[in-house]
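The block underneath contains the structure these notes are about, expressed in structure tokens.
Just so you know, residue 1 is the first one in the sequence shown, and it goes up from there.
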Amino acid sequence: VQLQASGGGLVQAGGSLRLSCAASGRTFSSYTMGWFRQAAGKEREFVAAINRSGSSAYYADSVKGRSTISRDNAKNTVYLQMNSLKPEDTAVYYCARSRRSLFDYSGSSYYPNYDYWGQGTQVTVSS
């Protein structure tokens with residue numbers, strides 16, 4: 001399985017970005033997908049996760065109301081739409097595939113539960 005993240009860039013505070021993560025393989029729809037981020041000098045943190053069908057999602061409090069995770073199983077792609085970006089959103093954003101079948105917040109937000117990771121895409125928000 002390979003995950004290829006894209007869509008990052010430099011944006012002013014208040015702007016928007018849409019991240020994409022394309023997955024290889026034919027079983028994409030069988031897995032929960034998540035987005036995590038890691039700012040310089042900080043630990044990796046959960047951003048959002050979406051269940052296999054795309055009918056349910058979880059968000060970190062820091063992005064709730066400003067971000068939307070979605071997926072297109074026909075295209076093997078998961079997206080993260082981020083609006084009203086803030087300088088504190090600056091980080092490398094990673095998409096990942098969960099190893100768990102159960103979709104719950106505690107498990108979906110715990111990065112060791114993800115077994116495949118994309119290479120990351122840099123998001124920089126200027127003030």
Side-chain angles (χ1 to χ4, degrees):
V1 175
Q2 290 188 328
L3 303 176
Q4 182 72 37
S6 61
L10 173 64
V11 63
Q12 289 188 332
S16 298
L17 281 175
R18 187 194 196 201
L19 307 183
S20 299
C21 175
S24 64
R26 293 177 289 180
T27 59
F28 176 77
S29 61
S30 299
Y31 297 92
T32 289
M33 298 296 295
W35 285 96
F36 291 76
R37 68 186 182 186
Q38 188 165 17
K42 296 187 177 181
E43 293 188 354
R44 190 166 300 191
E45 65 173 359
F46 170 73
V47 177
I50 190 166
N51 69 344
R52 291 174 289 182
S53 67
S55 62
S56 185
Y58 294 116
Y59 298 91
D61 288 343
S62 57
V63 304
K64 193 176 296 182
R66 300 188 295 120
S67 297
T68 302
I69 187 172
S70 61
R71 67 190 297 163
D72 185 336
N73 287 338
K75 295 182 178 180
N76 281 13
T77 302
V78 60
Y79 305 97
L80 183 67
Q81 175 70 43
M82 301 188 295
N83 303 319
S84 302
L85 284 161
K86 305 174 181 180
E88 51 264 44
D89 293 318
T90 295
V92 177
Y93 284 70
Y94 298 91
C95 60
R97 191 189 82 171
S98 175
R99 68 175 90 239
R100 300 173 77 245
S101 57
L102 178 65
F103 186 67
D104 60 347
Y105 182 85
S106 60
S108 298
S109 61
Y110 186 55
Y111 76 84
N113 284 333
Y114 290 78
D115 53 3
Y116 288 96
W117 292 81
Q119 85 287 4
T121 184
Q122 176 71 48
V123 171
T124 303
V125 184
S126 63
S127 58

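Between M82 and R66, every side-chain heavy-atom pair lies at or beyond the 4.5 Å cut-off. Contact check for L80 versus S67: side-chain heavy atoms found under the 4.5 Å cut-off. By the 4.5 Å heavy-atom criterion applied to side chains, N51 and Y58 are not counted as neighbours. T90 places a side-chain heavy atom less than 4.5 Å from the side chain of Q122.
Annotation: cation-pi geometry satisfied between R71 and F28 (NZ/CZ under 6.0 angstrom from ring centroid, within 45° of ring axis). Annotation: cation-pi geometry satisfied between R18 and Y79 (NZ/CZ under 6.0 angstrom from ring centroid, within 45° of ring axis).
Heavy-atom minimum distance, V78 versus S70: CG2-O, 3.2 Å. The two atoms that bring S98 and Y31 nearest to each other are O-CD2, 3.3 Å, heavy atoms only. In plain terms, the two heavy atoms of A5 and Q119 that are nearest each other are O-NE2, 2.8 Å. Nearest heavy-atom pair across N83 and S16 is OD1-OG, 2.9 Å.
Residue pairs meeting the disulfide bond (SG atoms under 2.5 Å apart) criterion with at least one member in residues 76-127, sequence neighbours excluded, are C21-C95.
Here the OG1 atom belonging to T32 is positioned 5.5 Å from the CZ atom belonging to F103, to the nearest 0.5 angstrom. To the nearest 0.5 Å, the span separating CD on Q4 from OG on S20 amounts to 11.0 Å. Here CD1 of I50 is found 11.0 Å from OG of S108. Values are rounded to the nearest 0.5 Å. Between E43 atom CD and Q38 atom CD the span is 8.0 Å, to the nearest 0.5 Å.
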From CA spacing to verdict: side chain to side chain contact (heavy atoms under 4.5 Å, CB included), I69, M33: CA-CA 9 Å; I69 187 172; M33 298 296 295; 5.6 Å; no
Trace of the side chain to side chain contact (heavy atoms under 4.5 Å, CB included) decision for L3 with Y94: CA-CA 9 Å; L3 303 176; Y94 298 91; over 6 Å; no
Derivation of the side chain to side chain contact (heavy atoms under 4.5 Å, CB included) call for S29 and R52: CA-CA 5 Å; S29 61; R52 291 174 289 182; 5.8 Å; no
Would you sort out whether F36 and Y114 count as a ring pair (Phe, Tyr, Trp, His ring centres under 6.0 Å), showing the intermediate values? CA-CA 10 Å; F36 291 76; Y114 290 78; 5.0 Å; yes
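Residues satisfying the ring-ring contact (aromatic ring centres under 6.0 Å, His included) test with Y111, not counting sequence neighbours, are none.
Using a distance-only test at 3.5 Å, with no hydrogens or angles considered, a donor-acceptor pair links the side chain of N76 to the main chain of G25. Looking only at distances, a side-chain donor or acceptor of T77 sits under 3.5 Å from a matching main-chain atom of K75.
Look at K86 and D89 and you find no salt bridge, because none of the NZ, NE, NH1 or NH2 atoms lies under 4.0 Å from a carboxylate O.
Linking ILVMFWY residues whenever their side-chain heavy atoms come closer than 4.5 Å, directly or via other members, leaves W117 and V123 in distinct clusters. Taken together through direct or relayed side-chain contacts under 4.5 Å among Ile, Leu, Val, Met, Phe, Trp and Tyr, Y116 and Y93 form part of one hydrophobic cluster.
Aromatic rings of F46 and Y105 (six-membered ring for Trp) have centroids within the 6.0 Å cut-off, being under it.
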